[in-house]
There are 2 protein chains.
Amino acid sequence: MKREQILKAGLKLFVTQGLHAVTIAQIAAEANVGIGTVYRNFNSKEEIVQQIWIRQKASESAYVFKNYKKQGSLHDQFNFLWERVIRYFLEHPLEFQFSYQFAASPILTKEIHEIAMMDFLKFDELYALGLDQNLFKPLTARRLRLFTFSTINGWLLWAMDEKMDIDDATIALFLQMCWDSISA
Amino acid sequence: MKREQILKAGLKLFVTQGLHAVTIAQIAAEANVGIGTVYRNFNSKEEIVQQIWIRQKASESAYVFKNYKKQGSLHDQFNFLWERVIRYFLEHPLEFQFSYQFAASPILTKEIHEIAMMDFLKFDELYALGLDQNLFKPLTARRLRLFTFSTINGWLLWAMDEKMDIDDATIALFLQMCWDSISA
DNA sequence: AAAAACTGACGGAATATTCCGTCAGTTTTT
DNA sequence: AAAAACTGACGGAATATTCCGTCAGTTTTT
């Protein structure tokens, strides 16, 4: 419970102020928790960041795969999953900012990334299937997934930045662009 | 001169250690410069980051637009410019990491971004031309540019991370994906 | 030789981290 | 079933540590 509060507070503060500007005391205050409690739960500021990352990816994957059924055409499944990713981030701007900002941070080790990304391997199965059917350009499933993911990330960053208003049609067009970019 | 050394040192340290872990004293040491000299040139760590950003974007645009002539087909020009962007980042991994890591940082204000991005407006002219010729999907030139840029950024991040070896053919294929994604 | 630039030791403010008394909740004893 | 003993999460004051930014003395430039 307290742990949750701390992670939530950290998320908010890190995104709005940047890692270097946030003190443990601030996090404790924002979380309505004593400083000692922060240290009881985490060893350092860096560990808090790592745990926020893991928690965020878990919440993201829960959202994305909720109600996901392997049915319909491959293209439909592609659209379903990536649309969920997009909607998750649109509905969780703090989480998006955090995700983007720390993706390349030296604080997150390879191990942390491995753990956090595990759930998203299902995407690769989809891409592998597409490759079997010669739907995609000749890259590995992993690379294709990374490509689409990067594209979405980058696009969302600017979209949010510009307060672009994003309706269903915009999302559909964008998904089409993602599909077209990897189509054989 | 000293200023340059400081910016270079900062770039390296920020990328490898992360903003919060780098002290002014460390930067001074890495730059072979006294602490006072850092303060003579910059007011704060944040200002150093901002100036590195501006300097990096300037060096990037110089590289990209060197030898650029508005000739050949629009598709050729598209390929020329984006290939230059890709090659710049491949040859300057530190700069790439920095660029990626701080793109969404709260330290960089809208103004800083405006200044730094000025040189890249030439891209928009290209996209505008393409729109006139109905080559692209119906978005604004700016959004199309941001889309391609995001795609490239994301792709490079993962490519470098995986130490993917990137030869001319890979780049050509990737550029094709970028083109296809926005083609009408 | 005057001005400008530089250096890095130093003081102190800011921050991280520890430490320990409290107390709500749980288990054991009577 | 009431009382006593125990547990360990918690808060925040105390302490340790880091880091900033200044300034007196030095070097370099003009």
Side-chain angles (χ1 to χ4, degrees), chain A residues 1-56 58-59 94 97-98 101-102 104-109 111-112, chain B residues 1-56 58 94 97-98 101-102 105-109 111-112:
Chain A
M1 190 57 218
K2 300 266 169 179
R3 194 187 134 94
E4 274 301 295
Q5 284 165 242
I6 294 165
L7 291 175
K8 262 180 94 170
L11 175 69
K12 178 177 165 189
L13 292 174
F14 288 139
V15 167
T16 51
Q17 322 212 128
L19 181 59
H20 74 296
V22 177
T23 67
I24 301 277
Q26 257 183 295
I27 295 176
E30 176 77 29
N32 291 314
V33 139
I35 292 171
T37 306
V38 175
Y39 278 98
R40 161 158 279 274
N41 285 278
F42 307 96
N43 293 316
S44 64
K45 207 154 82 171
E46 310 213 342
E47 192 179 317
I48 298 176
V49 172
Q50 296 176 333
Q51 294 305 316
I52 295 174
W53 179 268
I54 289 173
R55 175 172 164 279
Q56 189 271 307
S59 115
L94 274 184
Q97 293 260 75
F98 182 87
Q101 213 175 121
F102 287 92
S105 159
I107 290 178
L108 298 175
T109 62
E111 287 72 43
I112 301 278
Chain B
M1 192 56 219
K2 302 265 169 179
R3 194 188 134 94
E4 274 302 295
Q5 284 166 241
I6 294 165
L7 291 175
K8 261 180 94 169
L11 175 69
K12 178 176 165 190
L13 293 174
F14 289 138
V15 168
T16 52
Q17 322 213 128
L19 180 60
H20 74 297
V22 177
T23 67
I24 301 276
Q26 255 184 296
I27 296 176
E30 176 78 28
N32 292 314
V33 140
I35 294 170
T37 307
V38 176
Y39 281 99
R40 160 163 279 272
N41 285 279
F42 306 96
N43 294 315
S44 65
K45 207 154 82 171
E46 310 213 342
E47 191 179 317
I48 298 176
V49 172
Q50 296 176 335
Q51 294 305 316
I52 295 175
W53 179 267
I54 290 172
R55 174 172 165 277
Q56 190 272 306
L94 274 184
Q97 294 259 76
F98 182 87
Q101 214 177 118
F102 287 91
S105 160
I107 290 178
L108 298 175
T109 62
E111 286 74 43
I112 301 276

- prompt: Should C/dG21 form a Watson-Crick or G-U wobble pair with both distances under 3.5 Å, which nucleotide is its partner?
  reply: D/dC10
task: Consider the side chain of A/Val33, meaning its heavy atoms from C-beta on, and name the nucleotide among C/dT18, C/dT7, D/dG11 that approaches it most closely.
output: D/dG11
- prompt: What nucleotide among D/dC10, D/dC20, C/dT17 has an atom nearest to a side-chain atom of A/Ile35?
  reply: C/dT17
- prompt: Are OP1 or OP2 of C/dT15 and a side-chain N or O of A/Thr23 less than 4.0 angstrom apart?
  reply: no
- request: Find the distance B/Asn32:CG to C/dA5:P and express it as a whole number of Å.
  value: 20 Å
task: Output yes when a side-chain donor or acceptor of B/Lys2 lies under 3.5 Å from a complementary backbone atom of B/Gly34, and no otherwise.
output: no
query: Who is the Watson-Crick or G-U wobble partner of C/dA5, with both distances under 3.5 Å?
result: D/dT26
message: To the closest 0.5 Å, what do you measure between CD (A/Gln50) and CD1 (A/Ile112)?
response: 4.0 Å
Separation of atom NZ in B/Lys2 from atom P in D/dT29, rounded to whole Å: 9 Å
field: Geometric class of the A/Phe14/A/Phe102 ring pair [parallel <30°, tilted 30-60°, perpendicular >60°]
entry: perpendicular
- prompt: Tell me: CD of B/Glu46 to P of D/dG21, nearest whole Å?
  reply: 10 Å
- prompt: Between atom CD1 in B/Ile24 and atom P in C/dA14, what is the gap in whole Å?
  reply: 16 Å
- prompt: Which whole-number value in Å describes the distance from B/Met1 CE to C/dA5 P?
  reply: 16 Å
field: Spacing between B/Arg40 atom CZ and C/dA5 atom P, to the nearest angstrom
entry: 5 Å
- prompt: Quick one: on DNA chain C, does A/Gly36 or A/Val22 contact a more 5' nucleotide (nearest heavy atom)?
  reply: A/Val22
statement: Picking from D/dT22, D/dG11, C/dT7, the nucleotide nearest the side-chain atoms of A/Thr37 would be D/dG11
query: Taking atom C1' of D/dT18 as reference, at what distance in whole Å does atom CD of B/Gln26 sit?
result: 12 Å
task: Figure out the CZ/P separation between B/Arg3 and C/dC6, and round it to whole Å.
output: 12 Å
C/dT15 OP1/OP2 closer than 4.0 Å to side-chain N/O of A/Lys45: no
- prompt: In Å, rounded to the nearest 0.5 Å, how long is the span from CD1 of B/Ile6 to CD of B/Gln51?
  reply: 11.5 Å
- prompt: So which of A/Ile48, A/Thr16, A/Ile27 actually passes side chain to side chain contact (heavy atoms under 4.5 Å, CB included) with A/Val22?
  reply: A/Ile27
